[in-house]
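Just so you know, ligand 1 is whichever comes first in the structure, and atom 1 is the first atom listed for that ligand.
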Amino acid sequence: MGYWRMIRFLHKAEPFVEQRELELQVPFIQTAHSLIHDRSGAGSDFLGWLHLASEFPEEQLSRIEAAGRRIAKDSDVLVVIGIGGSYLGARAALNLLQHSFPDMLPADRRPLRVVFAGNQMSSTYMSELLEVLDGYEVSVNVISKSGTTTEPALAFRILQDYMTKRYGQDASKRIYATTDKAKGALRKLSDEMGYETFVIPDDVGGRFSVLTPVGLLPFAAAGINIRDLLKGAADAEKDLATPDLSNPAYEYAALRSILYHKGKAAEMFVSYEPGLHYVGEWLKQLFGESEGKDHKGLLPVSADFSTDLHSLGQFVQDGARILFETVLKVKDVRRDLTVNNMAGDPDGLNYLTGKSWRSINDTALDATVLAHTTGGVPNIVLEIPDMTEYSLGYMFYFFEKAVAMSGYLLGVNPFDQPGVETYKTNMFAMLGKPGYEKQREVLSNRG
Ligand code: PA5
């Protein structure tokens, strides 16, 4: 694909941001670009994602593909255990790239079913999962970089027990662990039990890890072309390397920064394809965890239009002027339909006869951008060429590069997440985890 820019701006939030304001950002962009590429900024130990795709070792890729084939051959269901960055990227890609109803396809077209666990601690969810697994051949991929996160560890404890009771010694051939190369309880346990393991590189943080084995193993098992995903990201690496506004990732970061400083408190990621729902969830984590620090940052939220135009639409059009929208528009959708004619026009829709559903959905997007911008809500519209592995890989990298720039423009370290620890400390203290006695006392004195 070369240097053709895949993600295009269809609307840059005019008239809310003027070109001269964007140009004033250029010196800051240049400085932040050097921080990223010279690896001299805060959090620079976590820049492994920068060249991950273009430098992915072939031997590792082949091993992931081989494990994926094995899982698909001996299983009906893969349970993927993980949370945050060890969960959302995989979910986003499967949701976008697979058929909308994969489980209802004829057997010869049905992909391996992937279900998720360890992304919450609901006893109802876990009990009901265990209840249905008996009817299927199962493999498990437990994913945790730290190897100590409570949610996936708890889920793995019960699923490991389930697998051992069900498959005996063969359980270890059906359990795959994706974790740190040396540290953490999961690494230790996996080595002891003889599970096949895949390594999350030290210098890639959780929310930047979708193109490591974290995402790639579940994708390979589900029949997703992981080489195309990596190719898209590798091409984005080349395309998004200029230190100025000709780089769309940086232009997007600059727009967000200007809107933030003009008082916008929230960014709503919007799409008109249900397949992008979990990309919205992935974006919320990427931006929320990277930027929400030192009492700064845009609150990332997401919405599925036109569904949510019938719920949140009223607020966006007429409510508090606190947000702007970033709309992800898919240029070439996977499938299209034509509106059928109806004799007598009882529903009054014959004026649409012969039109494509896709053009109607696009018109809804254009009409909404117009309505919202007229109502005082800035809109940035990013066009994604299609819903393929290549484009998704490109899009993952686009947003990773944008958030790195955006975080530095905001004056925060985009690669850490110190705030996530507070709830964990409280939870451990309240659950009585050894080592947390002091905090427990502090909390109980608070009443
Ligand atoms: O981005 C992050 O670092 C986090 O969201 C982690 O991915 C999440 O907390 C899960 O961590 P781990 O993979 O160590 O279990």
Side-chain angles (χ1 to χ4, degrees), residues 42-50 52 79-93 116-121 126 140-160 175-190 195 197-218 278-293 297 299-300 302 396-397 399-404 406-407 412-428 433:
S44 59
D45 287 352
F46 289 96
L47 283 166
W49 54 273
L50 256 187
L52 185 68
V79 183
V80 174
I81 303 175
I83 195 166
S86 293
Y87 154 68
L88 283 163
R91 188 138 208 185
F116 293 90
N119 55 333
Q120 26 68 23
M121 293 184 283
M126 183 50 85
V140 170
N141 179 201
V142 53
I143 308 170
S144 178
K145 186 172 186 219
S146 61
T148 53
T149 308
T150 310
E151 290 90 338
L154 200 58
F156 186 51
R157 177 177 272 224
I158 201 164
L159 280 160
Q160 189 195 31
I175 296 176
Y176 300 81
T178 307
T179 190
D180 187 86
K181 65 176 182 320
K183 293 190 300 283
L186 181 58
R187 162 56 60 191
K188 193 163 170 279
L189 183 68
S190 305
Y195 303 146
T197 58
F198 294 87
V199 171
I200 309 171
D202 283 345
D203 57 359
V204 180
R207 58 191 173 276
F208 292 83
S209 70
V210 58
L211 297 176
T212 70
V214 166
L216 298 180
L217 179 58
Y278 281 98
V279 170
E281 298 300 308
W282 179 80
L283 286 167
K284 286 195 303 206
Q285 187 205 2
L286 184 70
F287 283 95
E289 247 179 24
S290 301
E291 291 192 323
K293 285 159 204 174
L299 171 71
S302 66
F396 279 141
Y397 190 88
F399 284 113
E400 288 172 356
K401 195 76 191 275
V403 81
S406 215
V412 299
N413 172 355
F415 306 114
D416 66 358
Q417 55 283 328
V420 182
E421 292 311 310
T422 315
Y423 100 89
K424 291 187 192 166
T425 308
N426 283 0
M427 180 176 74
F428 293 151
K433 184 170 176 172

Task: Nearest-option assignment for atom 4 (C) of ligand 1, heavy atoms, candidates Q417, E289, E421, R207 - done: E289
Task: Atoms in ligand 1 flagged as close to I83, the criterion being non-hydrogen separation under 4.0 Å - done: 7 (O), 8 (C), 10 (C)
Task: Contacting atoms of ligand 1, where contact means under 4.0 angstrom from a heavy atom of S146 - done: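 So the answer, numbered in order with elements, is 12 (P), 14 (O), 15 (O).
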Side chains of [X] and [Y], heavy atoms from C-beta outward: is any pair under 4.5 Å?
{"X": "E151", "Y": "N119", "value": "no"}
{"X": "F116", "Y": "V80", "value": "yes"}
{"X": "M427", "Y": "M121", "value": "yes"}
{"X": "V214", "Y": "I143", "value": "yes"}

TODO: Indicate whether atom 9 (O) of ligand 1 is within a distance of less than 4.0 angstrom of some protein heavy atom.
DONE: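 Under the 4.0 Å cut-off, atom 9 (O) of ligand 1 has no protein heavy-atom neighbours at all.
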Open item on the list: Would you say N141 and T178 are linked by a side-chain donor-acceptor pair, where the criterion is simply a distance under 3.5 Å?
Closed with: yes
Task: Nearest non-hydrogen protein atom, atom 12 (P) of ligand 1 - done: T149 OG1, 3.3 Å
Task: atom 6 (C) of ligand 1: the protein heavy-atom neighbour that sits closest, reported with distance to 0.1 Å - done: G85 N, 3.9 Å
- [ ] Taking the six-membered ring for Trp and the single ring otherwise, decide whether the centroids of F396 and F208 are under 6.0 Å apart.
- [x] no
TODO: Could you establish whether Q285 and ligand 1 come within less than 4.0 Å of each other, counting only heavy atoms on the residue side?
DONE: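 True for this residue.
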- [ ] Using distance alone, decide if ligand 1 has a nitrogen or oxygen within less than 3.5 Å of any nitrogen or oxygen in S144.
- [x] yes
